[in-house]
Amino acid sequence: MEEVRVRFPPSPTGYLHIGSARTALYNWLFARKHGGKLVLRIEDTDTERSTEVSEKAIIDGLEWLGIDWDEGPYRQSDHLDEHKGSSGRLVADGKAYLCFCTKEELDERRKAAEAKGEMFRYDGTCRSVSIEEREKRLMAGDPFVVRFKVPDGGGSVVFDDVVLGRIEVSHEEIEDFVIVRSNGLPLYILSNAVDDHRDRITHVIRGQDHVTNTPKQVLLYEALGWPLPRFAHMSLTLDPKKAKISKRRHGEVVAVEWYREHGFLPWGFANFIALLGWSGGDDREVYLSREELVQVFTLEGLTRANAVFNYRKGDPKFITDPKAIHINGEHIKNMPLGELVPHARAALEKAGMWDDAWAGAKAGWFEKTVDLLRQRYNLLTDFATLGRPYFSDHFEMEDKAVKKNLRKDAALEQYLPMLADELAAIEPFDLEGTEASVRGLAERLGVKAGLLINAARAAVTGQTVGPGLFDILVILGREKCVVRLRNAVGFI
RNA sequence: GUCCCCAUCGUCCAGCGGUUAGGACGCCGGCCUUUCAAGCCGGUAACACGGGUUCGAUUCCCGUUGGGGACGCCA
């Protein structure tokens, strides 16, 4: 069987956004699934807009997501001669022709057509330019573009799309499209096809925004005598108002970079992205490892209908699609602890809360703490925000915790120091010991254990939520607990 | 406007002629009572409409409506 070869050809004109990342991911998945190759090709022929900064941003994004490629990055601009050569061949074969119509007059005709509510389509005026006239105008230095000569007659272009099925477009619907600009530079429609052929691409997996130029490229392949790759046009990702997502309209949330900054695990985010327009055919949604997804991935699982990226701007609770947050949480909760620890460390480092001892003498403690906390966290940043009381002595006493749990009973002013004294003395300071101590004190005091438990949680973490109190006490250790319990009196 | 594509809960998906139309997120409620932004349990909520085909349509066909995409000497 022929080797599967796919490609991801970003144009370096921005950052890596969700839609592109999804395209890259599906291509990567497909290549891995079939033991094929993924080619990264930078389509930088739009010199006006291409930038190196953008190229780097895109590559960084791919690397962060763990999408690696087998060949490249190639660069479209390195093959200009080849693109021009193909165009020359087409002209020589009479399958393309020189068009001397100027952009200005075409624009005018286009505008006129639009005014009448019609669509302008090039009428083939220059098809009839004689060889003599052509030479004359060439000698005169008249500017020209190269146009592909779409077959006349009642024929049509047909291709079978892996996700959309058979698509047929009649020749009449396709104008004689430009393949080389008047400045001599080839256009995407040509370059892209030439590059795909040279790179021996077997499957073109791209967004549905490309379906309309597929017939044109099919015509190009046929005219050049090249075998057709398989086409798979994946659905697009829209915003809740059904508009294509873009940085301009939606801001940073559509950039992959944003997710790295906001506590997403690379693969947790990739897992979410994969689900936007694809399903394994069952109800499974969480794929903790790349291998698991690779195994079940098929092009047939791609959805035909566009997917809405459910982001509500300005929602304080959900900074992005709630499902993205949930899936990330599933990964944090269930991934191998050893894989999570470095991510938790990075989050703390970024917040300036990291202590080198946690990678040395206290490595065991750090792991245990991460393991304890991850059960209720969804984002890596939670370790530095919600987790602050566990890693630092400088944390806020939440208003809610003070009011609800510390000021619940004025007597707590006496109880908390009493508890501190108890905990200072018990031996050993473990789960059983601390629990016996707290419950014992409550009993002697004649109060519900919950009163002391919730007050103690508020005292040592400043929060109303968190792990079970005795887990917290043991993780924090005797000294911190005693000190915080005593300090809490000041808040009552 | 023209061409192409699409159409199941608010959102993401399952379904591929006969199902009480399933799961997930979100939302609501309950349990746990050592809290919850944790966990468990439950609830809410969908086949766009109209014609066919068929014993039987969410499923197949046609149309309508709705949505999206493309219509550049951008990629």
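Each chain gets a letter, A, B and so on, in the order its sequence line appears, and its residues count up from 1. Bear in mind the structure is a predicted one, so any value in this text is a computation, not a measurement.
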- Task: Please determine which of A:Gln217, A:His203, A:Arg41 meets the side chain to side chain donor-acceptor pair (under 3.5 Å) test together with A:Asp196.
- Result: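 Answer to the side chain to side chain donor-acceptor pair (under 3.5 Å) test with A:Asp196 among A:Gln217, A:His203, A:Arg41: A:Arg41.
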Can you check the distance between [N] and [M], where both ends of the measurement are the [atom1] atom (answer in whole Å)?
N: B:U33; M: B:G15; atom1: C1'; value: 42 Å
N: B:U59; M: B:C4; atom1: P; value: 23 Å
N: B:C47; M: B:A7; atom1: C1'; value: 10 Å
N: B:A75; M: B:C16; atom1: C1'; value: 36 Å
N: B:U2; M: B:A24; atom1: C1'; value: 40 Å
N: B:C40; M: B:A14; atom1: P; value: 25 Å
N: B:A48; M: B:G10; atom1: P; value: 11 Å
N: B:C9; M: B:U58; atom1: P; value: 15 Å

Check every strand shown and say whether [X] touches a base, only sugar-phosphate, or nothing at a heavy-atom separation below 4.0 Å.
X: A:Arg304; answer: sugar-phosphate
X: A:Val178; answer: sugar-phosphate
X: A:Lys103; answer: base
X: A:Leu469; answer: base
X: A:Lys244; answer: sugar-phosphate
X: A:Gly468; answer: base

- Could you walk me through whether A:Ser156 and A:Glu168 pass the side-chain hydrogen bond (donor to acceptor under 3.5 Å, both in side chains) test, one step at a time? CA-CA 7 Å; A:Ser156 59; A:Glu168 181 168 357; 2.9 Å; yes
Under 4.0 angstrom between [X] side-chain N/O and [N] OP1 or OP2:
X: A:Thr45; N: B:A75; answer: yes
X: A:Arg110; N: B:G72; answer: yes
X: A:Thr303; N: B:C13; answer: yes

Between N or O atoms, less than 3.5 Å apart, protein on one side and nucleotides 37-43 of chain B on the other: list the pairs.
residue	atom	partner	partner atom	Å
B:A38	O2'	A:Gln375	O	3.4

- Item | A:Asp44/A:Arg75 ion pair, N-O < 4.0 Å |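 A:Arg75 and A:Asp44: salt-bridged.
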- For the side chain of A:Ser279 and the base of B:C13, is some donor closer than 3.5 Å to an acceptor across the two?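 No, the side chain and the base share no sub-3.5 Å donor-acceptor pair.
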- Message: Between A:Tyr259 and A:Thr320, is there a side-chain donor-acceptor contact under 3.5 Å, judged purely by atom types and distance?
- Response: yes
- Message: When you compare the side chains of A:Arg206 and A:Thr214, does any donor N or O come within less than 3.5 Å of an acceptor on the partner?
- Response: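 The criterion, which ignores hydrogens and geometry beyond distance, is satisfied for A:Thr214 and A:Arg206.
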- Please report, rounded to the nearest Å, how far the C1' atom of B:G68 is from the CG atom of A:Leu164. 12 Å
- Message: Measuring from atom NZ of A:Lys480 to atom CG of A:Leu423, what distance do you get when rounded to the nearest 0.5 angstrom?
- Response: 15.5 Å
